[in-house]
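The structure appears right after this line, and notes come after that.
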Amino acid sequence: MNAELQLSATLESTNGVSPQWTRESAQAVHDLPFNDLLFRAQTIHRENFDPNRVQLSRLLSIKTGGCPEDCGYCSQSAHHQSGLKASKLMEVERVIAEARKARDAGATRYCMGAAWRSLKERDMDALVAMVEGVKALGMETCMTLGMLDLDQAQRLKQAGLDYYNHNIDTSERYYAEIISTRTFADRLDTLANVRDSGIKVCCGGIVGMGEEKADRIDMLVTLANLPEPPDSVPINMLIPIEGTPLVEAEPIEPIEFVRTIALARIMMPKSHVRLSAGRMAMSDEMQALCFFAGANSIFVGDTLLTAENPGEDKDSALFRRLGIKPFAREAR
Ligand code: SF4
């Protein structure tokens, strides 16, 4: 069966329910001629979003370094010699002051990340105050704090948390090559708790970690086949960091990266696909192709947790040249 027929067969077999993707049906789309793939991705993008708007998120590390997990890509793991200094949880007032600056610079969503294995009860009051304070500024809130149980997720939801980020990182097959201190199933459990609490899920992964094409496809199949596809799907391009086990990983080829973005857009038509970490290593042309392929969210600001990110001036200049505008802030 050719790729077009195979895809229609997959979609038709679902009777209007979200299509269940298989490795084969996803790969058939991934392997389309590049122009056909991009045309399909852009068509689906236009059916679901304004093609000339990109959502801007700002990410703040509220607790940096010293993490007990051993994620092979991460400078914040206590297992690696990245030279990063660990810090304590940031004070609530400072987080809110930073969020206000981000809002005034145009960000509509504020993401707060802590380098933890899981959330501890002693920190809950401060986290609730952060969520409430950032919500009061009229911004959407997102947190990434490691593993959560259902009760913790419900309390964060009550405080007004809109999104919780918890990436599956890669395929189930490749997962153990990257992280040994928790399992792929642990990730899915936390995602279920987040979903059951009513918080929207932000979940994606990292490419360019030495995985195979099949792993990238399988990662997207897992995401698209969740009970509900994530509302936000960050696709990160590995930033190789000295002192981490993945510093020498073979970089992903740019066209292959764009194919991954296009496939994410096609498989999860209503999700925000975020062109996430790694933009410093991308040309303007590569980013433009990613937007054409359906990416419609970025992180703004000159740091991304601990890594460099293009500053606002560079992003504004690129947006001007492409005629892209940020998503408007939601009316409150
Ligand atoms: S990615 Fe998150 S969980 Fe993994 S080591 Fe870094 S901070 Fe810890």
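Treat the numbers as computed from the prediction; the structure is a model and nothing was measured. As a basis for the values below, the full set of heavy atoms in this structure was taken, side chains included, without hydrogen atoms, waters or symmetry mates. For ligands, and for the atoms within them, numbers begin at 1 and follow the listed sequence.
In summary, Arg279 and Asp315 engage in a salt bridge, as defined by a charged side-chain N under 4.0 Å from a carboxylate O. With salt bridges taken as basic N to acidic carboxylate O contacts below 4.0 Å, none links Arg195 and Glu228. With salt bridges taken as basic N to acidic carboxylate O contacts below 4.0 Å, none links Lys63 and Asp123. By the 4.0 Å N-to-carboxylate-O rule, Arg173 lies too far from Glu211 to be salt-bridged with it.
Annotation: cation-pi geometry satisfied between Arg109 and Tyr163 (NZ/CZ under 6.0 angstrom from ring centroid, within 45° of ring axis). Both tests hold for Arg274 against Phe299: distance to the six-membered ring centre under 6.0 Å, angle to the ring axis within 45°.
Within the sub-2.8 Å shell of atom 6 (Fe) of ligand 1, the protein contributes these N/O/S atoms: Cys74 SG.
In the vicinity of Arg182, heavy-atom distances shorter than 4.0 Å reach the ligand 1 atoms 3 (S).
In Phe39, the CZ atom is not crowded: 12 or fewer heavy atoms of neighbouring residues, nucleotides or ligands sit closer than 6.0 Å.
Put simply, atom 7 (S) of ligand 1 has protein non-hydrogen atoms near it, under 4.0 Å away.
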